[in-house]
4 protein chains.
Amino acid sequence: MFTAPSSPKPAQPATPKRERRKEARPGELLNAAMDLFVEKGFAATRAEEVAVRAGVSKGTLFLYFQSKEELFKAVVRENISGVFPKWNAEFEAFQGSSAEMLHYAMQQWWEHLGATRASGITKLVMAEAHNFPEITAFFQQEVMLPGHTLIRRILQRGIDAGEFRPMNLDYAIYAVLAPMVFLNMSCHSEGLCQSPGFTLVPEDYISSQADIIVHGMLAPPGTRP
Amino acid sequence: MFTAPSSPKPAQPATPKRERRKEARPGELLNAAMDLFVEKGFAATRAEEVAVRAGVSKGTLFLYFQSKEELFKAVVRENISGVFPKWNAEFEAFQGSSAEMLHYAMQQWWEHLGATRASGITKLVMAEAHNFPEITAFFQQEVMLPGHTLIRRILQRGIDAGEFRPMNLDYAIYAVLAPMVFLNMSCHSEGLCQSPGFTLVPEDYISSQADIIVHGMLAPPGTRP
Amino acid sequence: MFTAPSSPKPAQPATPKRERRKEARPGELLNAAMDLFVEKGFAATRAEEVAVRAGVSKGTLFLYFQSKEELFKAVVRENISGVFPKWNAEFEAFQGSSAEMLHYAMQQWWEHLGATRASGITKLVMAEAHNFPEITAFFQQEVMLPGHTLIRRILQRGIDAGEFRPMNLDYAIYAVLAPMVFLNMSCHSEGLCQSPGFTLVPEDYISSQADIIVHGMLAPPGTRP
Amino acid sequence: MFTAPSSPKPAQPATPKRERRKEARPGELLNAAMDLFVEKGFAATRAEEVAVRAGVSKGTLFLYFQSKEELFKAVVRENISGVFPKWNAEFEAFQGSSAEMLHYAMQQWWEHLGATRASGITKLVMAEAHNFPEITAFFQQEVMLPGHTLIRRILQRGIDAGEFRPMNLDYAIYAVLAPMVFLNMSCHSEGLCQSPGFTLVPEDYISSQADIIVHGMLAPPGTRP
DNA sequence: GATGAATGAGACTTCATTCAT
DNA sequence: TATGAATGAAGTCTCATTCAT
């Protein structure tokens with residue numbers, strides 16, 4: 001599912017381990033691995049840690065996943081899926097101005113992706129892109145491309161309505177994408193991107209960026225509808 | 001391509017073992033380290049590999065750099081930190097409008113950092129931030145903070161002149177930073193961030209983003225100087 | 001000879017690779033470590049050597065002992081520290097005179113520590129004290145201090161009974177300790193401390209030293225009980 | 001010389017290095033090495049440190065001494081020689097009782113050996129005896145044996161005079177030797193041999209030990225001269 | 001002779017992966 | 001199927017020793 005569930009504690013305390021049905025194992029491992037990869041990165045996550053958090057032994061991990069790399073790939077694949085159909089539908093039905101739509105889209109992104117574990121996946125993929133070309137291609141197709149497309153349609157809608165000025169959309173979409181990707185990285189980079197002494201509030205960040213972008217794209221006052 | 005060409009092998013003419021070149025060593029090691037760090041990341045780059053590529057032995061590396069982390073810091077100082085004094089001086093002397101200044105600054109960034117191997121360093125630090133807190137802190141202090149400060153001063157200059165509208169600079173600086181960081185990641189993520197079939201031209205990307213941001217920040221026409 | 005025979009090779013019957021013997025491992029490792037530490041010193045003993053002599057791989061050693069220092073501490077606990085509780089109990093229950101007790105204590109020391117491989121540990125700690133402060137502190141706490149305390153209690157008992165003359169115990173305990181430490185060093189110094197042509201018999205040495213010390217501490221004949 | 005000079009600072013500040021005559025080099029190296037070996041032990045002393053303290057380069061050290069081991073041997077050989085002739089002469093001329101003589105001898109030992117750098121050599125040799133059999137034999141012949149002999153003569157004198165009771169001198173000499181060797185080790189073992197919270201005063205230690213030993217050896221009151 | 005840059009054999013320790021049970 | 005004891009390749013850094021200058 002897209003709205004990534006915040007990871008539940010690995011074990012049901014009341015139920016003895018023996019009871020857990022084996023078909024649940026891969027899911028539990030994936031869940032634990034997700035948490036740890038996001039938290040510590042690929043290299044720094046030890047296989048045994050994943051196993052322990054999933055409540056199984058180290059050996060069992062390798063029973064289900066050929067290697068740590070395969071586990072990584074599975075984690076990424078497992079956690080990617082589509083909010084995009086829903087978002088596309090919302091786009092079709094949206095009634096307000098394109099400026100409002102842009103604000104709304106970025107807020108939604110934060111709420112349903114940026115603020116969830118899913119953002120950790122994005123960070124992970126960007127960080128490890130070099131080592132996993134296959135994953136990279138997969139992620140691009142499944143996530144980045146639909147995102148690009150949706151942003152493009154929003155901007156096109158504004159231009160068509162005379163609300164936004166004409167722009168080369170191939171580049172303009174990055175004006176929307178960049179602030180979100182940046183926030184994503186920022187949230188997973190230990191404060192690297194932030195000024196010391198200032199704690200960024202994501203919602204404020206989103207609205208301030210949307211504000212500047214929208215202003216930057218609006219058609220001159222006299223020509224707007 | 002925007003990744004600068006990796007430096008060629010140091011050209012071992014014949015069998016010049018045990019050459020004494022105290023002056024040249026640090027530079028050669030730094031160059032080799034830069035290449036490898038960018039290519040493979042910090043953790044995955046082995047000290048000996050750096051030494052071999054620089055044409056020296058493992059021990060020699062540690063003769064010049066106390067540890068792998070110190071080597072990395074030296075790479076950063078050599079390749080990134082150095083631009084800020086020059087940029088700050090240019091800022092002081094700049095004659096044109098703040099809009100022009102913003103355009104100019106982003107172009108300069110691309111030319112002197114984004115387009116060079118140095119951009120790979122930024123990518124790597126973001127990717128591995130979690131695992132090397134000391135490096136993260138160093139990079140933030142040495143690179144991110146001066147960058148933040150410079151952007152802030154540019155925006156403040158525009159606001160003071162009545163050219164830009166009043167904004168909360170704590171957030172506004174990210175409107176400038178985000179597109180650059182995004183481009184940076186994009187260049188080092190194996191096409192992950194780009195639409196298939198469209199090859200982004202960095203210079204065009206920069207100018208289009210600068211254009212949108214500047215528009216987004218300009219004061220309303222009647223109130224401008 | 002007073003150096004206990006070094007334990008024979010663990011008898012690899014044929015090719016029993018990857019044997020699982022969780023229970024036996026620590027003991028085997030401890031035994032091998034003891035041998036090697038005594039034979040070569042702490043610094044000069046390589047972890048892998050210990051592992052090989054115990055018939056396991058390098059990694060296995062670190063499965064059971066966190067570090068080389070911890071391994072050493074475990075060797076000390078296993079082979080030395082353990083005697084003090086028993087000795088303290090014997091002290092409490094002892095019926096004879098304090099002179100007898102002193103003789104007995106020194107004989108016991110020889111029998112259970114001096115004549116065993118454990119004496120090599122004491123020698124080694126003294127020799128390498130400077131380079132391993134943590135080990136030194138540990139050994140002082142775990143071995144020297146209980147030894148001091150026991151000797152002090154024996155002497156105090158004699159004084160209290162009027163059997164020994166009053167003495168400053170802070171110094172008097174060394175009269176008991178010194179001959180034992182000396183014998184210890186002597187046994188592990190390749191004959192350095194002995195006259196050529198005369199082979200010291202440890203039991204005779206102990207009894208002669210005890211005799212002199214006891215005489216030296218006895219209260220004047222008229223005042224004794 | 002026997003009374004080892006406390007090591008002078010390695011360089012004459014006023015005189016440029018160039019001036020130092022080369023024939024003094026080995027001596028300076030030996031002196032520096034002595035200090036460092038005593039201070040840090042054999043393994044922990046780095047060749048370069050010795051060279052630096054002697055005011056020469058690392059390479060020069062190996063010009064004069066084939067290896068670190070050879071340097072060690074040279075240090076020991078250089079620093080051992082005779083107080084014993086002088087002491088033997090004092091023994092012949094001594095007028096007081098043998099009890100006094102024993103006290104006096106132990107005090108002299110402390111003053112002229114125990115308290116000087118020479119004691120560091122003894123400690124060193126005992127610690128490394130195993131690794132340098134040749135040194136060990138040399139030290140035994142040159143130092144231990146004359147010491148044994150002198151002690152034996154003192155005790156024999158006391159027995160002959162009826163002052164001391166008859167004893168097996170082969171063992172009795174250790175009653176005198178052990179406290180001195182122990183003090184020696186104690187001074188070079190980082191407090192290993194001392195109770196925490198009590199700082200041993202060497203002169204008091206010596207006199208208290210001598211007191212106990214003398215008491216322990218005295219003939220019964222009625223039979224003394 | 002003297003220098004000090006360069007070398008490279010190790011040392012300890014970690015951890016992905018295997019495999020006997 | 002599951003376990004977890006066992007493995008051993010890597011990795012960073014040190015330092016005695018060599019040798020070009």
Side-chain angles (χ1 to χ4, degrees), chain A residues 17-18 20 22-23 25 43-52 55-71, chain B residues 16-25 43-51 54-71, chain C residues 16-25 43-51 54-71, chain D residues 17-18 20 22-23 25 43-52 55-71:
Chain A
K17 293 181 173 186
R18 210 57 52 80
R20 213 145 351 95
K22 63 189 174 189
E23 64 273 20
R25 287 281 158 71
T45 296
R46 290 179 316 145
E48 180 157 25
E49 249 178 311
V50 174
V52 165
V56 300
S57 76
K58 208 182 342 182
T60 303
L61 170 62
F62 287 93
L63 222 52
Y64 288 102
F65 302 95
Q66 210 170 100
S67 71
K68 199 178 152 188
E69 291 199 4
E70 287 304 322
L71 174 63
Chain B
K17 273 183 180 176
R18 266 181 178 281
E19 228 177 333
R20 282 165 84 96
R21 295 175 39 245
K22 184 194 170 116
E23 304 307 321
R25 291 291 188 234
T45 295
R46 287 179 303 122
E48 182 157 20
E49 244 178 318
V50 174
V56 300
S57 75
K58 198 181 359 174
T60 301
L61 170 63
F62 290 95
L63 213 57
Y64 290 99
F65 302 96
Q66 218 168 89
S67 69
K68 201 177 148 186
E69 283 209 8
E70 285 304 321
L71 173 63
Chain C
K17 273 182 183 177
R18 266 183 178 280
E19 227 178 333
R20 283 167 82 97
R21 296 176 40 244
K22 186 193 170 119
E23 304 307 322
R25 291 294 187 229
T45 296
R46 285 179 304 123
E48 182 157 19
E49 245 177 317
V50 174
V56 300
S57 77
K58 201 180 355 175
T60 301
L61 170 63
F62 289 94
L63 214 57
Y64 291 98
F65 302 95
Q66 218 169 88
S67 68
K68 199 176 147 188
E69 284 208 7
E70 285 304 321
L71 173 62
Chain D
K17 296 181 174 188
R18 207 58 52 80
R20 210 141 358 91
K22 63 187 175 192
E23 65 273 19
R25 288 280 159 71
T45 295
R46 289 179 317 150
E48 179 156 27
E49 248 177 313
V50 174
V52 165
V56 301
S57 76
K58 206 181 346 181
T60 304
L61 170 62
F62 286 93
L63 222 53
Y64 288 102
F65 301 96
Q66 211 171 99
S67 71
K68 200 177 150 188
E69 290 201 6
E70 287 304 322
L71 174 63

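Note that this is a predicted model, so its numbers are computed, not measured.
- One can place CZ of C:F62 at 16 Å from C1' of F:dA5, the figure rounded to the nearest angstrom.
- In terms of position on DNA chain E, the residue among C:T45 and A:G59 whose nearest nucleotide sits closer to the 5' end is C:T45.
- Proximity note for C:S57 (side chain, C-beta onward) versus F:dT1, F:dG8, F:dC15: the nearest is F:dG8.
- For the pair C:A47 and C:L61, the tightest heavy-atom approach, listed with the atom from each and the gap, is O-CD2, 3.5 Å.
- The side-chain contact (heavy atoms from CB on, under 4.5 Å) check on C:Y64 picks up C:K22, C:R25, C:P26, C:L29, C:T60, with sequence neighbours excluded.
- Under the rule for a side chain to side chain donor-acceptor pair (under 3.5 Å), C:S67 has no partner lying at least two apart in sequence or in another chain.
- The separation between D:E69 atom CD and F:dA16 atom C1' is 11 Å, rounded to whole Å.
- In this entry the distance linking CZ of B:R21 with C1' of E:dG4 reads 16 Å, nearest Å.
- Residues passing the side chain to side chain donor-acceptor pair (under 3.5 Å) test with C:R20, sequence neighbours excluded: none.
- Comparing E:dC12, E:dA6, F:dA16 by their closest approach to the side chain of C:R46 singles out E:dC12.
- Across B:S57 and B:A51, no two heavy atoms sit closer than the pair O-CB, 3.5 Å.
- Nearest-nucleotide positions on DNA chain F place C:K22 closer to the 5' end than the other of C:K22 and B:R20.
- Of all nucleotides listed (F:dT1, F:dA16, E:dT7), F:dA16 comes nearest to the side chain of D:K68.
- In this entry the distance linking CG of C:L71 with C1' of E:dA11 reads 15 Å, nearest Å.
- Taking only side-chain nitrogens and oxygens, D:R25 comes nearer than 4.0 Å to OP1 or OP2 of E:dA2.
- Side-chain proximity of A:L63 to F:dA2, F:dA5, E:dA5: nearest is F:dA2.
- Closest approach to the A:Y64 side chain among F:dT12, F:dA2, E:dC15 is made by F:dA2 (side chain taken as heavy atoms from C-beta onward).
- Summary of helix geometry: the two end axes of the helix from E:dA2-F:dT21 to E:dT21-F:dA2, each defined by five base pairs via their C1' atoms, are inclined to each other by 20° (rounded to 10°).
- The side chain to side chain donor-acceptor pair (under 3.5 Å) search around C:R46 returns none, not counting sequence neighbours.
- Interface remark: the A:K58 side chain does not form any donor-acceptor pair with the F:dT3 base, using a distance-only criterion of under 3.5 Å.
- Listed by first then second residue, pairs satisfying salt bridge (charged side-chain N to carboxylate O under 4.0 Å, His left out) with a partner in residues 58-70 of chain A read A:E48-A:K58, A:E70-A:K73, not counting sequence neighbours.
- Across the protein-nucleic acid pair, A:L61 atom CG and F:dT1 atom P stand 15 Å apart, rounded to whole Å.
- In this structure, the CD atom of B:E70 is 10 Å from the P atom of F:dC13, given to the nearest Å.
- Taking every side-chain heavy atom of A:T60 into account, F:dA2 is the closest of F:dT7, F:dA2, E:dC12.
- To the nearest angstrom, P of F:dA2 lies 13 Å from CZ of A:F65.
- Spacing between atom CD of C:E49 and atom C1' of E:dC12 amounts to 13 Å, rounded to whole angstrom units.
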